[in-house]
Structure formats: structure tokens, C-alpha cells
Number of protein chains: 2
Amino acid sequence: MTTTTRAGGGAQADAQPARPELPLTDLTVCCAPESGSALSSEEAEQLAAVLKAVAEPTRLRLLSMVAASAGQEACVCDLTEPVGLSQPTISHHMKVLVDAGLLEREKRGVWAYYRLVPERLGAVAAALSPPA
Amino acid sequence: MTTTTRAGGGAQADAQPARPELPLTDLTVCCAPESGSALSSEEAEQLAAVLKAVAEPTRLRLLSMVAASAGQEACVCDLTEPVGLSQPTISHHMKVLVDAGLLEREKRGVWAYYRLVPERLGAVAAALSPPA
DNA sequence: GCTCAGTATTGACGAGTGTCAATGTCTCGC
DNA sequence: GCGAGACATTGACACTCGTCAATACTGAGC
């Protein structure tokens, strides 16, 4: 299994069967010290997939707005206006963030509330931790 | 100036005049705790610009290969073969990483050596640090 | 000066992505 | 049940991006 250094201690690999490969907190560290080996293609694609979700100004703002909200959750109705984009666009970005595992969706009545997943974000940050 | 929480303590804002806005270790924290305000458009674009450079499997592999090399530096000739892409493509990716401030280029004779900039990578990781 | 090897640049092409208008779906209140 | 509001989905468009072939550039050795 090549026990390389990894980020996040949770390592709940058996999450949902619907998503075949989405380790919540199990991301290979990008830039390990000199002795560590480089990323494989699969590891690089996994990390890049999550980073792609974050590497977009609008999504970063949405993520930060959710994190800054009380209880670290917010609904689309609160996000559409300050961002200044159409509602379908916001909905699309939120879906990307949910698919990346960075947000969780919960529908309460008519409203859809999105909540931050700190462990996932922490795993990404740890994967980018500098060597030494 | 809105002194928000930031990542990295260096804050050498006056770097090179050639690059107008490339604060090496001065990136606004994305997802601050509840009291912290959300990212502005400029802050989000700055962070996203660096993340875009990293959110690509090939560039992640190149970055990790440079970091894993002895002395944390490597030349293009060492990277082309294991990645399995053409030399212009590798050169292109390296330029993107240099422009993002994640790598530094130094030409020694005919060879171009790329060295990791840990502070920059650390600033990105810190900017993505989870709240609380 | 000339040749050669290591890199960088240019141009072009296909794939991917952010955006919006229009439409669909679901829940609540009447 | 019905209309209204909140959100998701679809289709279309412009734009960006990753890749390669071809070419230009640059430093070393003869």
C-alpha cells in the first residue's frame, strides 16, 4: 500500500459507497522533505481535483463567506446578493464545492444550507505544507 | 488597510518592481473563524491565482519532484523523462510555477535549475488553514 | 565562427470551464 | 389543489488552458 506520509489523522476511508474515491482527510502530502518520494499520477490527480475546486475567486469567496457565517453555515439566499452573480451560477459553484468535499448541503424547508467541512479543508492545507 | 488576519509573517511587500502585485508570503486567510470577515474580490483573486498554479496534476508532480530532489532543486532534464510529457510542456509548467512564486529559476551553464520556495508554499497552506 | 545540446517561445488545436437565460423541481402557505 | 418562492438542472456561448510540433534562443566546446 506504500505507506507514505499523509495529511489528516482521521483516515475514514470507507465513507459513502456512492463516491468511489473521495478520502475526506486522506490526501498525500505534496512536497515532502528530501527523503520523501514524489507524488504519483493518481495522488497528484486526487490533490489537484480538490485544489481545482478552490482555485477560483468566486468559489473562494463563497467558501470564506460560509466559514465567516454564524455556525459556519449559510444558505444560497444569503450568498447570491453579495457575490453579484446569477443564482444558477452560485448554485453551480456550491455543487462543485460539495463534490470536492469542502461543503455539506442540508435542505431545511425551502432553503438549502451549506456547512463548512473543516477536516477536508485542513487536509488540503496539510497536503501543501512546506518541507522542513 | 483593513488589517485582517494574514498568513506568513515576512510580509515583504516591496519585492520586485517588475511584478506589481506578488506578495510572497502575504496572502489573506481564506476561511477565518466566525468573527473574521469574508474575502474581498481582490484577495480572492490573488489567492486563486496561486492556487490555479497548483491545481494541476502535472504541476503538482513537478513541484513534488523538485521538493524531493537533493537540495530541493532540479533541472528540466531530470523532470522531462519521468513525467512523460514533451519538453515544451514541462517548460511551460515550470514557468507557471515560477510566475506563481512557488519556484525560483537559476541558469547554470546550459541547464536551468529550479528551486522550491518554501515560504510561498507555506503561505498558501496557511491561507487555507481551517477555522478554529 | 560553427555545431550541438539544453531551454524557451510561438502558433495551433481540442478539451475543459464560468457564466447566464430558460426551464424544471420541490416545499410552504393559502 | 394552486400559486409563489427557493433552489437545481439544462443548453448554449465565450473564454481559458494543457498539449504538441516547429522554431528561436543561448551557452559550451571545437
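Here is the naming used below: chain letters follow the sequence lines, and residue numbers restart at 1 for every chain.
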Rounded distance (nearest 0.5 Å) linking atom CG of L97(B) with atom CZ of R120(B): 11.5 Å
Nucleotides 15-21 of chain D: which of its N/O atoms have a protein N/O under 3.5 Å away?
| from | atom 1 | to | atom 2 | distance (Å) |
| --- | --- | --- | --- | --- |
| dG18(D) | OP1 | R59(B) | NH2 | 2.7 |
| dT19(D) | OP2 | H93(B) | NE2 | 2.2 |
| dC20(D) | OP2 | S86(B) | N | 3.0 |
| dC20(D) | OP2 | S86(B) | OG | 3.0 |
| dC20(D) | OP2 | T89(B) | OG1 | 2.8 |

Nearest-angstrom distance from the residue atom CD of E106(B) to P of dG27(D): 14 Å
Rounded distance (nearest 0.5 Å) linking atom NE2 of H93(B) with atom CG of L62(B): 7.0 Å
Between CZ on residue R105(B) and CE on residue M94(B), distance to nearest 0.5 Å: 10.0 Å
Between the protein and nucleotides 28-30 of chain D, are there any N/O to N/O pairs under 3.5 Å, and if so, what are the atom names and distances?
none

5′-ward residue of the pair W111(A)/K95(A) relative to DNA chain D: W111(A)
Rounded distance (nearest 0.5 Å) linking atom CG of L60(A) with atom CD of Q46(B): 11.5 Å
Sugar-phosphate only, base, or nothing, as touched by Y114(B) at under 4.0 Å among non-hydrogen atoms: sugar-phosphate
Check: P118(B) and Q72(B) side chains under 4.5 Å, non-hydrogen atoms: yes
Phosphate OP1/OP2 of dA8(D): any R105(A) side-chain N/O under 4.0 Å: yes
From OG1 (T80(A)) to CG (L85(A)), nearest 0.5 Å: 9.0 Å
Side-chain heavy-atom pair L103(A), V66(A) within 4.5 angstrom cut-off: yes
side-chain contact (heavy atoms from CB on, under 4.5 Å) between L63(A) and L121(A), intermediate numbers included: CA-CA 10 Å; L63(A) 205 65; L121(A) 192 61; 4.2 Å; yes
From E56(B) atom CD to L51(A) atom CG, the distance as rounded to the nearest 0.5 Å: 11.0 Å
Euclidean distance, atom CG of residue L103(A) to atom P of dC7(D) [Å, nearest integer]: 14 Å
Outermost DNA chain C nucleotides near chain B [under 4.0 Å, heavy atoms]: dG6(C) to dT9(C)
For W111(A) against C77(A), the heavy-atom pair lying closest together: CD1-SG, 3.7 Å
Validation row: V76(A), S91(A) side chains within 4.5 angstrom (heavy atoms): no
